[in-house]
Protein chains: 2
Amino acid sequence: MNINKKNARLNFSCCREGRLRGCFNRSGGRITGPRRAIVDFFHHEKGHFTAEEVFAKLALRYPGLGIATVYRTLSALSSSGVLNRFDFGEGKAKYELSDGHEGGSHHHHLVCSNCGKIMEYYDFMDEERDFFNKIEKTLSNRHNFLIKGHSLHFYGFCEKCKKENREVK
Amino acid sequence: MNINKKNARLNFSCCREGRLRGCFNRSGGRITGPRRAIVDFFHHEKGHFTAEEVFAKLALRYPGLGIATVYRTLSALSSSGVLNRFDFGEGKAKYELSDGHEGGSHHHHLVCSNCGKIMEYYDFMDEERDFFNKIEKTLSNRHNFLIKGHSLHFYGFCEKCKKENREVK
DNA sequence: TTTTTTATTGATATTCATTATCAATAAGAT
DNA sequence: ATCTTATTGATAATGAATATCAATAAAAAA
(Lines give C-alpha, C1' and ligand atoms only; values in the text may rest on other atoms or scores of the structure.)
Protein backbone atom coordinates (compact mmCIF):
# COMPACT_ATOMS: atom_id res chain seq x y z
CA MET A 1 0.00 0.00 0.00
CA ASN A 2 1.89 3.00 -1.25
CA ILE A 3 0.67 6.36 -0.18
CA ASN A 4 1.54 8.13 -3.38
CA LYS A 5 -0.36 5.69 -5.54
CA LYS A 6 -3.61 7.20 -6.67
CA ASN A 7 -6.20 7.15 -3.94
CA ALA A 8 -3.95 5.23 -1.59
CA ARG A 9 -4.26 6.22 2.06
CA LEU A 10 -2.13 5.76 5.10
CA ASN A 11 -4.36 4.29 7.73
CA PHE A 12 -2.65 4.67 11.07
CA SER A 13 -4.81 4.04 14.05
CA CYS A 14 -4.40 7.57 15.32
CA CYS A 15 -4.85 9.19 11.94
CA ARG A 16 -8.37 10.41 12.35
CA GLU A 17 -9.90 12.55 9.68
CA GLY A 18 -10.94 15.14 12.22
CA ARG A 19 -7.44 15.93 13.26
CA LEU A 20 -6.22 16.47 9.74
CA ARG A 21 -9.10 18.77 9.03
CA GLY A 22 -8.15 20.70 12.11
CA CYS A 23 -4.60 21.06 10.85
CA PHE A 24 -5.28 21.92 7.23
CA ASN A 25 -8.78 21.76 5.92
CA ARG A 26 -10.60 24.27 8.09
CA SER A 27 -8.62 27.06 6.50
CA GLY A 28 -9.15 25.81 2.95
CA GLY A 29 -5.99 23.69 2.91
CA ARG A 30 -6.06 20.31 1.20
CA ILE A 31 -5.47 17.03 2.95
CA THR A 32 -2.73 15.26 1.01
CA GLY A 33 -0.58 12.17 1.39
CA PRO A 34 2.54 13.99 2.54
CA ARG A 35 0.62 16.08 5.05
CA ARG A 36 -1.13 13.03 6.40
CA ALA A 37 2.20 11.22 6.76
CA ILE A 38 3.95 14.11 8.48
CA VAL A 39 1.18 14.79 10.99
CA ASP A 40 1.09 11.09 11.78
CA PHE A 41 4.83 10.97 12.16
CA PHE A 42 4.73 13.44 15.00
CA HIS A 43 1.94 11.57 16.72
CA HIS A 44 3.93 8.36 16.71
CA GLU A 45 7.45 9.53 17.46
CA LYS A 46 8.48 11.15 20.68
CA GLY A 47 10.88 14.04 20.80
CA HIS A 48 12.20 16.68 18.44
CA PHE A 49 13.28 16.18 14.85
CA THR A 50 14.91 18.16 12.07
CA ALA A 51 13.34 18.38 8.62
CA GLU A 52 16.04 16.02 7.33
CA GLU A 53 15.24 13.50 10.05
CA VAL A 54 11.53 13.59 9.30
CA PHE A 55 12.29 13.21 5.60
CA ALA A 56 14.67 10.29 6.12
CA LYS A 57 12.19 8.36 8.26
CA LEU A 58 9.22 8.96 6.00
CA ALA A 59 11.08 8.37 2.75
CA LEU A 60 11.27 4.68 3.65
CA ARG A 61 7.57 4.11 3.36
CA TYR A 62 6.97 7.04 1.01
CA PRO A 63 9.55 6.89 -1.80
CA GLY A 64 8.19 9.81 -3.78
CA LEU A 65 8.34 12.31 -0.96
CA GLY A 66 10.31 15.51 -1.61
CA ILE A 67 12.37 17.32 0.99
CA ALA A 68 10.85 20.67 -0.01
CA THR A 69 7.42 19.38 0.90
CA VAL A 70 8.67 18.40 4.32
CA TYR A 71 10.05 21.89 4.90
CA ARG A 72 6.83 23.47 3.68
CA THR A 73 4.62 21.26 5.80
CA LEU A 74 6.67 21.68 8.95
CA SER A 75 6.54 25.41 8.48
CA ALA A 76 2.79 25.38 7.97
CA LEU A 77 2.18 23.16 10.98
CA SER A 78 4.35 25.43 13.04
CA SER A 79 2.45 28.52 11.91
CA SER A 80 -0.82 26.91 12.83
CA GLY A 81 0.37 25.95 16.29
CA VAL A 82 0.36 22.18 15.77
CA LEU A 83 4.14 21.94 16.03
CA ASN A 84 6.62 23.99 17.97
CA ARG A 85 9.83 24.95 16.26
CA PHE A 86 12.98 25.01 18.38
CA ASP A 87 16.56 25.88 17.80
CA PHE A 88 19.08 24.47 20.21
CA GLY A 89 22.11 26.03 18.56
CA GLU A 90 22.84 23.14 16.23
CA GLY A 91 22.36 25.13 13.05
CA LYS A 92 19.10 23.49 12.12
CA ALA A 93 15.58 23.78 13.44
CA LYS A 94 13.85 21.00 15.33
CA TYR A 95 10.14 20.43 15.52
CA GLU A 96 7.99 18.68 18.04
CA LEU A 97 4.30 18.29 18.67
CA SER A 98 2.94 21.30 20.48
CA ASP A 99 1.96 20.47 24.02
CA GLY A 100 -1.37 22.17 23.49
CA HIS A 101 -2.10 19.70 20.69
CA GLU A 102 -3.85 16.37 21.10
CA GLY A 103 -1.28 13.71 21.92
CA GLY A 104 1.45 16.22 22.69
CA SER A 105 3.75 14.87 25.38
CA HIS A 106 4.79 17.87 27.32
CA HIS A 107 8.34 18.24 28.50
CA HIS A 108 11.04 20.80 29.08
CA HIS A 109 14.69 20.95 28.10
CA LEU A 110 18.06 21.26 29.73
CA VAL A 111 20.55 22.56 27.17
CA CYS A 112 24.29 22.45 27.81
CA SER A 113 25.76 25.74 26.64
CA ASN A 114 29.14 24.13 26.11
CA CYS A 115 28.63 20.80 24.33
CA GLY A 116 25.09 21.38 23.08
CA LYS A 117 23.68 18.26 24.68
CA ILE A 118 19.92 18.38 25.11
CA MET A 119 18.22 16.60 27.98
CA GLU A 120 14.48 16.33 28.30
CA TYR A 121 12.61 15.97 31.51
CA TYR A 122 9.06 14.79 31.87
CA ASP A 123 8.93 14.44 35.61
CA PHE A 124 6.82 17.44 36.47
CA MET A 125 5.85 18.46 39.86
CA ASP A 126 2.20 19.24 40.32
CA GLU A 127 3.40 22.66 41.22
CA GLU A 128 4.78 23.08 37.72
CA ARG A 129 1.46 22.33 36.08
CA ASP A 130 -0.39 24.65 38.40
CA PHE A 131 2.11 27.38 37.71
CA PHE A 132 1.70 27.22 33.95
CA ASN A 133 -2.06 27.02 34.10
CA LYS A 134 -2.17 30.14 36.18
CA ILE A 135 0.49 32.15 34.38
CA GLU A 136 -0.91 31.41 30.93
CA LYS A 137 -4.28 32.69 32.00
CA THR A 138 -2.76 35.86 33.42
CA LEU A 139 -0.58 36.52 30.38
CA SER A 140 -3.41 35.89 27.92
CA ASN A 141 -5.44 38.61 29.56
CA ARG A 142 -2.63 41.02 30.20
CA HIS A 143 -1.14 40.95 26.69
CA ASN A 144 -4.14 39.91 24.62
CA PHE A 145 -2.29 36.87 23.40
CA LEU A 146 -3.82 33.47 22.65
CA ILE A 147 -1.38 30.98 24.17
CA LYS A 148 -1.18 27.59 22.46
CA GLY A 149 1.91 26.24 24.15
CA HIS A 150 5.21 27.10 25.72
CA SER A 151 8.80 26.02 25.80
CA LEU A 152 11.01 26.18 28.82
CA HIS A 153 14.74 25.73 28.31
CA PHE A 154 17.28 25.76 31.08
CA TYR A 155 20.78 26.71 29.97
CA GLY A 156 23.91 25.74 31.79
CA PHE A 157 26.45 22.97 31.97
CA CYS A 158 25.87 19.26 31.95
CA GLU A 159 27.60 16.90 34.33
CA LYS A 160 30.44 16.20 31.90
CA CYS A 161 31.18 19.82 30.95
CA LYS A 162 30.88 20.92 34.56
CA LYS A 163 33.69 18.53 35.48
CA GLU A 164 35.91 19.16 32.48
CA ASN A 165 35.87 22.93 32.77
CA ARG A 166 36.47 24.08 36.26
CA GLU A 167 36.98 27.47 34.67
CA VAL A 168 34.50 27.68 31.87
CA LYS A 169 35.93 28.07 28.37
CA MET B 1 39.68 57.46 20.34
CA ASN B 2 39.55 54.48 18.06
CA ILE B 3 39.51 51.07 19.64
CA ASN B 4 41.60 49.39 17.00
CA LYS B 5 44.42 51.91 17.24
CA LYS B 6 47.33 50.43 19.11
CA ASN B 7 46.75 50.39 22.86
CA ALA B 8 43.46 52.26 22.53
CA ARG B 9 40.81 51.17 24.97
CA LEU B 10 37.09 51.57 25.14
CA ASN B 11 36.32 52.96 28.52
CA PHE B 12 32.65 52.50 29.18
CA SER B 13 31.60 53.04 32.73
CA CYS B 14 30.42 49.47 33.09
CA CYS B 15 33.42 47.95 31.36
CA ARG B 16 35.28 46.69 34.35
CA GLU B 17 38.40 44.64 33.83
CA GLY B 18 37.07 41.95 36.13
CA ARG B 19 34.13 41.18 33.96
CA LEU B 20 36.18 40.74 30.83
CA ARG B 21 38.57 38.42 32.64
CA GLY B 22 35.58 36.43 33.74
CA CYS B 23 34.41 36.11 30.16
CA PHE B 24 37.68 35.34 28.45
CA ASN B 25 40.88 35.53 30.39
CA ARG B 26 40.35 33.00 33.15
CA SER B 27 40.38 30.25 30.58
CA GLY B 28 43.48 31.54 28.79
CA GLY B 29 41.57 33.68 26.32
CA ARG B 30 42.89 37.09 25.40
CA ILE B 31 41.10 40.35 26.06
CA THR B 32 40.91 42.15 22.75
CA GLY B 33 39.24 45.25 21.35
CA PRO B 34 36.45 43.43 19.56
CA ARG B 35 35.66 41.26 22.57
CA ARG B 36 35.63 44.26 24.84
CA ALA B 37 33.29 46.06 22.48
CA ILE B 38 30.90 43.15 22.10
CA VAL B 39 30.65 42.41 25.81
CA ASP B 40 30.03 46.09 26.44
CA PHE B 41 27.43 46.21 23.72
CA PHE B 42 25.28 43.68 25.50
CA HIS B 43 25.62 45.51 28.79
CA HIS B 44 24.35 48.72 27.26
CA GLU B 45 21.61 47.55 24.92
CA LYS B 46 18.45 45.89 26.06
CA GLY B 47 16.92 43.01 24.18
CA HIS B 48 18.01 40.44 21.65
CA PHE B 49 20.20 41.00 18.60
CA THR B 50 21.40 39.09 15.57
CA ALA B 51 25.08 38.93 14.67
CA GLU B 52 24.41 41.33 11.81
CA GLU B 53 22.73 43.79 14.14
CA VAL B 54 25.61 43.71 16.61
CA PHE B 55 28.04 44.15 13.75
CA ALA B 56 26.12 47.08 12.24
CA LYS B 57 25.93 48.94 15.55
CA LEU B 58 29.55 48.39 16.50
CA ALA B 59 30.96 49.07 13.05
CA LEU B 60 30.07 52.74 13.51
CA ARG B 61 32.56 53.31 16.27
CA TYR B 62 34.83 50.43 15.25
CA PRO B 63 35.42 50.64 11.48
CA GLY B 64 37.89 47.78 11.28
CA LEU B 65 35.61 45.20 12.85
CA GLY B 66 34.98 42.03 10.85
CA ILE B 67 31.69 40.15 10.79
CA ALA B 68 33.46 36.83 11.31
CA THR B 69 34.84 38.09 14.59
CA VAL B 70 31.34 38.99 15.72
CA TYR B 71 30.09 35.49 14.94
CA ARG B 72 33.07 33.92 16.69
CA THR B 73 32.73 36.07 19.79
CA LEU B 74 28.98 35.59 20.10
CA SER B 75 29.49 31.88 19.84
CA ALA B 76 32.19 31.91 22.50
CA LEU B 77 30.16 34.05 24.87
CA SER B 78 27.24 31.75 24.39
CA SER B 79 29.34 28.68 25.13
CA SER B 80 30.59 30.27 28.31
CA GLY B 81 27.10 31.16 29.49
CA VAL B 82 27.48 34.94 29.26
CA LEU B 83 24.95 35.19 26.44
CA ASN B 84 21.92 33.11 25.64
CA ARG B 85 21.31 32.21 22.04
CA PHE B 86 17.69 32.12 20.87
CA ASP B 87 15.95 31.29 17.67
CA PHE B 88 12.50 32.71 17.19
CA GLY B 89 11.96 31.18 13.78
CA GLU B 90 13.34 34.09 11.79
CA GLY B 91 16.14 32.13 10.21
CA LYS B 92 18.89 33.76 12.23
CA ALA B 93 19.99 33.44 15.80
CA LYS B 94 19.53 36.18 18.36
CA TYR B 95 21.64 36.74 21.42
CA GLU B 96 20.94 38.42 24.70
CA LEU B 97 22.71 38.78 27.99
CA SER B 98 22.15 35.73 30.15
CA ASP B 99 19.93 36.54 33.08
CA GLY B 100 22.39 34.81 35.36
CA HIS B 101 25.03 37.30 34.27
CA GLU B 102 25.74 40.63 35.94
CA GLY B 103 23.49 43.28 34.42
CA GLY B 104 21.22 40.77 32.71
CA SER B 105 17.68 42.05 32.64
CA HIS B 106 15.51 39.02 32.93
CA HIS B 107 12.39 38.64 30.86
CA HIS B 108 10.28 36.08 29.04
CA HIS B 109 8.88 36.02 25.53
CA LEU B 110 5.54 35.75 23.79
CA VAL B 111 6.10 34.57 20.21
CA CYS B 112 3.34 34.74 17.62
CA SER B 113 3.42 31.50 15.64
CA ASN B 114 1.79 33.20 12.68
CA CYS B 115 3.48 36.57 12.11
CA GLY B 116 6.62 35.96 14.16
CA LYS B 117 6.16 39.00 16.36
CA ILE B 118 8.09 38.79 19.62
CA MET B 119 6.83 40.47 22.77
CA GLU B 120 8.83 40.68 25.96
CA TYR B 121 7.44 40.96 29.40
CA TYR B 122 9.25 42.02 32.50
CA ASP B 123 6.34 42.27 34.87
CA PHE B 124 6.72 39.04 36.74
CA MET B 125 4.38 37.77 39.32
CA ASP B 126 6.01 36.89 42.60
CA GLU B 127 4.79 33.41 41.96
CA GLU B 128 6.88 33.29 38.82
CA ARG B 129 10.09 34.12 40.65
CA ASP B 130 9.39 31.65 43.41
CA PHE B 131 8.66 28.95 40.88
CA PHE B 132 11.98 29.34 39.08
CA ASN B 133 14.01 29.55 42.24
CA LYS B 134 12.52 26.32 43.42
CA ILE B 135 12.52 24.37 40.18
CA GLU B 136 16.11 25.30 39.31
CA LYS B 137 17.25 23.94 42.61
CA THR B 138 15.31 20.72 42.10
CA LEU B 139 16.53 20.19 38.56
CA SER B 140 20.15 20.91 39.41
CA ASN B 141 20.14 18.14 41.94
CA ARG B 142 18.06 15.68 40.01
CA HIS B 143 19.95 15.89 36.72
CA ASN B 144 23.36 17.04 37.88
CA PHE B 145 23.14 20.10 35.74
CA LEU B 146 24.58 23.53 36.59
CA ILE B 147 21.85 25.97 35.64
CA LYS B 148 23.01 29.41 34.52
CA GLY B 149 19.76 30.73 33.14
CA HIS B 150 16.54 29.85 31.43
CA SER B 151 14.29 30.94 28.63
CA LEU B 152 10.55 30.72 28.69
CA HIS B 153 8.73 31.26 25.41
CA PHE B 154 4.98 31.21 25.07
CA TYR B 155 3.78 30.37 21.58
CA GLY B 156 0.42 31.34 20.20
CA PHE B 157 -1.27 34.17 18.36
CA CYS B 158 -0.92 37.87 18.94
CA GLU B 159 -3.89 40.20 19.08
CA LYS B 160 -3.68 41.03 15.37
CA CYS B 161 -3.35 37.45 14.11
CA LYS B 162 -6.04 36.27 16.49
CA LYS B 163 -8.47 38.69 14.89
CA GLU B 164 -7.42 38.19 11.29
CA ASN B 165 -7.62 34.43 11.40
CA ARG B 166 -10.78 33.25 12.99
CA GLU B 167 -9.83 29.90 11.55
CA VAL B 168 -6.10 29.65 11.91
CA LYS B 169 -4.15 29.27 8.67
C1' DT C 1 61.61 47.78 27.58
C1' DT C 2 62.19 44.65 23.63
C1' DT C 3 61.59 40.13 21.83
C1' DT C 4 59.06 35.93 21.26
C1' DT C 5 55.11 33.10 20.97
C1' DT C 6 50.79 32.16 19.42
C1' DA C 7 45.73 33.38 19.97
C1' DT C 8 42.92 36.35 17.46
C1' DT C 9 41.58 39.08 13.65
C1' DG C 10 39.63 40.46 9.01
C1' DA C 11 38.84 39.06 4.40
C1' DT C 12 36.82 35.86 1.85
C1' DA C 13 35.79 31.20 0.18
C1' DT C 14 32.85 27.51 1.49
C1' DT C 15 29.19 24.98 3.54
C1' DC C 16 24.69 23.77 4.16
C1' DA C 17 19.89 24.69 5.99
C1' DT C 18 16.09 26.78 4.10
C1' DT C 19 13.38 29.14 0.53
C1' DA C 20 11.87 30.30 -4.24
C1' DT C 21 10.64 28.82 -8.76
C1' DC C 22 7.92 26.29 -11.92
C1' DA C 23 5.84 22.71 -14.67
C1' DA C 24 3.22 18.54 -13.45
C1' DT C 25 -0.11 16.54 -10.52
C1' DA C 26 -4.08 15.60 -7.80
C1' DA C 27 -7.59 17.34 -4.03
C1' DG C 28 -11.86 19.13 -3.64
C1' DA C 29 -15.64 21.73 -5.89
C1' DT C 30 -19.04 21.96 -9.54
C1' DA D 1 -16.70 13.24 -14.97
C1' DT D 2 -14.79 17.68 -15.45
C1' DC D 3 -12.74 21.83 -13.81
C1' DT D 4 -10.07 24.81 -10.90
C1' DT D 5 -6.19 25.60 -8.49
C1' DA D 6 -3.53 24.26 -4.21
C1' DT D 7 0.14 21.22 -3.63
C1' DT D 8 3.96 18.54 -5.05
C1' DG D 9 8.84 17.20 -6.38
C1' DA D 10 13.01 18.67 -8.52
C1' DT D 11 16.26 21.89 -8.39
C1' DA D 12 18.13 26.57 -8.50
C1' DA D 13 18.92 30.38 -5.42
C1' DT D 14 19.54 32.55 -1.03
C1' DG D 15 21.81 33.64 2.98
C1' DA D 16 23.34 32.62 7.82
C1' DA D 17 27.16 30.64 9.76
C1' DT D 18 31.70 28.38 9.49
C1' DA D 19 36.45 27.31 7.75
C1' DT D 20 40.71 28.95 5.93
C1' DC D 21 44.81 31.57 6.16
C1' DA D 22 48.14 35.23 6.16
C1' DA D 23 48.65 39.36 9.03
C1' DT D 24 48.28 41.30 13.52
C1' DA D 25 48.57 42.13 18.30
C1' DA D 26 47.96 40.28 23.33
C1' DA D 27 50.39 38.25 26.88
C1' DA D 28 54.60 35.97 28.28
C1' DA D 29 59.54 35.76 28.40
C1' DA D 30 63.88 37.76 28.32
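Here is how names work: the chains are called A, B, and so on, in the same order as the sequence lines, proteins then strands, and each is numbered from 1. Fair warning: this is a prediction, and the values are worked out from it, not measured in the lab.
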Are [X] and [Y] close enough that a side-chain donor and a side-chain acceptor fall under 3.5 Å?
X	Y	value
B/H143	A/E159	no
B/E128	B/Y121	yes
B/K162	A/N144	yes

**Asked** Which angle, to the nearest 10 degrees, lies between the helix axes at the two ends of the helix from C/dT1-D/dA30 to C/dT30-D/dA1, each defined by five pairs?
**Response** 50°
**Asked** Taking the nucleotide of DNA chain D with the closest heavy atom to each, which residue, B/K94 or B/R30, is nearer the 5' end?
**Response** B/K94
Rounding to an integer number of Å, can you tell me how far [X] [atom1] sits from [N] [atom2]?
X	N	atom1	atom2	result
B/F55	D/dA16	CZ	C1'	14 Å
B/E90	D/dT14	CD	C1'	17 Å
A/E52	C/dT15	CD	P	17 Å
B/Y62	C/dT9	OH	C1'	8 Å
A/I38	D/dT7	CD1	P	13 Å
B/R36	D/dA25	CZ	C1'	13 Å
B/I31	C/dA7	CD1	C1'	13 Å
B/K92	D/dT18	NZ	P	15 Å

**Request:** Please list, chain by chain and in numerical order, all residues satisfying side chain to side chain donor-acceptor pair (under 3.5 Å) with A/R35, sequence neighbours excluded.
**Result:** none
**Complete:** Closest non-hydrogen contact found for B/L65 with B/L58 is CD2-CB, 3.7 Å
**Item:** A/E45 bridged to A/K57 by N-O distance under 4.0 Å
**Value:** yes
**Item:** B/K92/B/E52 salt bridge by N-O under 4.0 Å criterion
**Value:** no
**Prompt:** Quick one: is C/dT9 close enough that its OP1 or OP2 comes under 4.0 Å of any side-chain N or O from B/T32?
**Reply:** yes
**Asked** Name the one of A/F132, A/F131, A/F154 that satisfies ring pair (Phe, Tyr, Trp, His ring centres under 6.0 Å) with A/H108?
**Response** A/F132
**Option from B/F55, B/F41, B/F86 for which ring pair (Phe, Tyr, Trp, His ring centres under 6.0 Å) with B/F49 holds** = B/F41
**Message:** Can you list, in residue-number order, the parts of residues 66-74 of chain B that come under 4.0 Å of DNA chain D, counting heavy atoms only?
**Reply:** B/A68, B/Y71, B/R72
